[in-house]
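Step one of this worksheet: look at the structure below.
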Amino acid sequence: MKTLSLTLLAATAALAAAAVHAEPATYAIDPTHTFVTFEAKHFGTSTNRGRFDKKSGSISLDKAAKTGKVDITLETGSISTGTGPFDGHLKSKDFFNVEAFPTATFTGDKFTFDGDKVTSVAGTLTLLGKSQPAVLTASNYGCYENPRLKREVCGGDFETTIQRSAFGMSYGVPALPDNIKLVIQVEAVKQ
């Protein structure tokens, strides 16, 4: 009886240790619930907004260890402001130069948590072939069991401000602002 109790105790301890040191879960970006938008003042008056319609990526998340990794790719040619001529100018060499640089990426592996909630992700933003550090700060974050997919979905609203000239996008500075606000609404489905 003593041996059985010790065996059960050892098995329980092993399961508890395995749960604490579980492998990170992988999540695929849901493109229908993920949007990357930008905001920039137009000559100090109204705010121009646009978004990238084509994006993909994945997130690895180890909630127990409070670690993770995110990789997001945007197709720069999918930029959309709702105004065709403006989209065309943004795709040109003055701004995104989509022929030479068809993608922009964010990779991050420095997650900050408050309890179970991700509060920020630090990493590298690559745009126009130049990489700069960036920190995405969460204004909202959570996970839920999707009733239709029967899988966990995690996501939130993140934002950062970048200096576009740091990536070589200096057209119109200083008349057009150098600081651009990025807002990332992201949801990812556990695989």
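Without hydrogens or angle criteria, T160 side chain to V135 main chain gives a donor-acceptor distance under 3.5 Å. In terms of modelled atom types and a separation under 3.5 Å, the side chain of E99 and the main chain of N97 share no donor-acceptor contact. Judged by distance alone, the side chain of K91 and the main-chain N or O of G77 form a donor-acceptor pair under 3.5 Å. Distance alone, capped at 3.5 Å, is enough to place a donor-acceptor pair between the D178 side chain and the S165 backbone. With hydrogens and angles ignored, the 3.5 Å screen pairs a side-chain donor or acceptor of K55 with a backbone N or O of D53. Judged purely by atom type and a 3.5 angstrom limit, S58 has no side-chain atom pairing as donor or acceptor with the backbone of T26.
Residue pairs meeting the salt bridge (charged side-chain N to carboxylate O under 4.0 Å, His left out) criterion with at least one partner in residues 159-170, sequence neighbours excluded, are E159-K181. Among pairs with a residue in residues 139-183, those fulfilling ring-ring contact (aromatic ring centres under 6.0 Å, His included) read H89-Y171, F95-Y171, at least two apart in sequence or across chains. Listed by first then second residue, pairs satisfying salt bridge (charged side-chain N to carboxylate O under 4.0 Å, His left out) with a partner in residues 107-135 read K66-D116, not counting sequence neighbours.
A chain of hydrophobic side-chain contacts below 4.5 Å, direct or via other Ile, Leu, Val, Met, Phe, Trp or Tyr residues, connects F113 to V70. Transitive grouping of hydrophobic side chains (ILVMFWY, heavy atoms separated by less than 4.5 Å) keeps L90 and V183 in distinct clusters.
Using a 4.5 Å heavy-atom threshold, the side chains of L176 and F43 count as touching. Under the 4.5 Å side-chain criterion, counting only non-hydrogen atoms from C-beta, V153 is not in contact with D30.
Note: S170 OG to D94 CG = 11.0 Å, rounded to the nearest 0.5 Å. The line from CD1 of I162 to CG of N179 is 9.0 Å long, rounded to the nearest 0.5 Å. In this structure, the separation between CD1 on I184 and CG on L136 is 4.5 Å, given to the nearest 0.5 Å. For the atom pair NZ (K41) and OG1 (T47), the distance works out to 3.0 Å, reported to the nearest 0.5 Å. Rounding to the nearest 0.5 Å gives a distance of 5.0 Å between OG1 of T34 and CD1 of I29.
T112 is linked by a side-chain hydrogen bond (donor to acceptor under 3.5 Å, both in side chains) to S120, counting only residues two or more places apart in sequence or in another chain. Among residues two or more places apart in sequence or in another chain, the ring pair (Phe, Tyr, Trp, His ring centres under 6.0 Å) test is passed with Y27 by none. Not counting sequence neighbours, the partners of Q185 by the side-chain contact (heavy atoms from CB on, under 4.5 Å) test are F35, D157.
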Verify side-chain contact (heavy atoms from CB on, under 4.5 Å) between N48 and F86, making sure each step is shown before the conclusion.
CA-CA 10 Å; N48 282 328; F86 186 35; 3.9 Å; yes

L127/M169 under side-chain contact (heavy atoms from CB on, under 4.5 Å): CA gap, chis, key distance, verdict
CA-CA 9 Å; L127 179 63; M169 192 185 294; 4.1 Å; yes

Check the pair V189, L149 against side-chain contact (heavy atoms from CB on, under 4.5 Å), reporting the backbone distance first and the verdict last.
CA-CA 9 Å; V189 181; L149 299 175; 3.9 Å; yes

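Between A166 and Q132, the closest heavy-atom pair is O-NE2, 3.4 Å. The minimum heavy-atom distance linking T81 with F38 is given by the pair CG2-CZ, 4.1 Å. When all heavy atoms are compared, the tightest approach of R151 to E145 is N-OE2, 3.3 Å. Between L74 and F52, the closest heavy-atom pair is CD1-CD1, 3.9 Å. Across every non-hydrogen atom of A188 and I59, the tightest pair is CB-CD1, 4.0 Å. V98 and T76 get closest at one heavy-atom pair: CG1-OG1, 3.3 Å.
Counting only N and O atoms by type, the side chains of T107 and D71 include no donor and acceptor under 3.5 Å apart.
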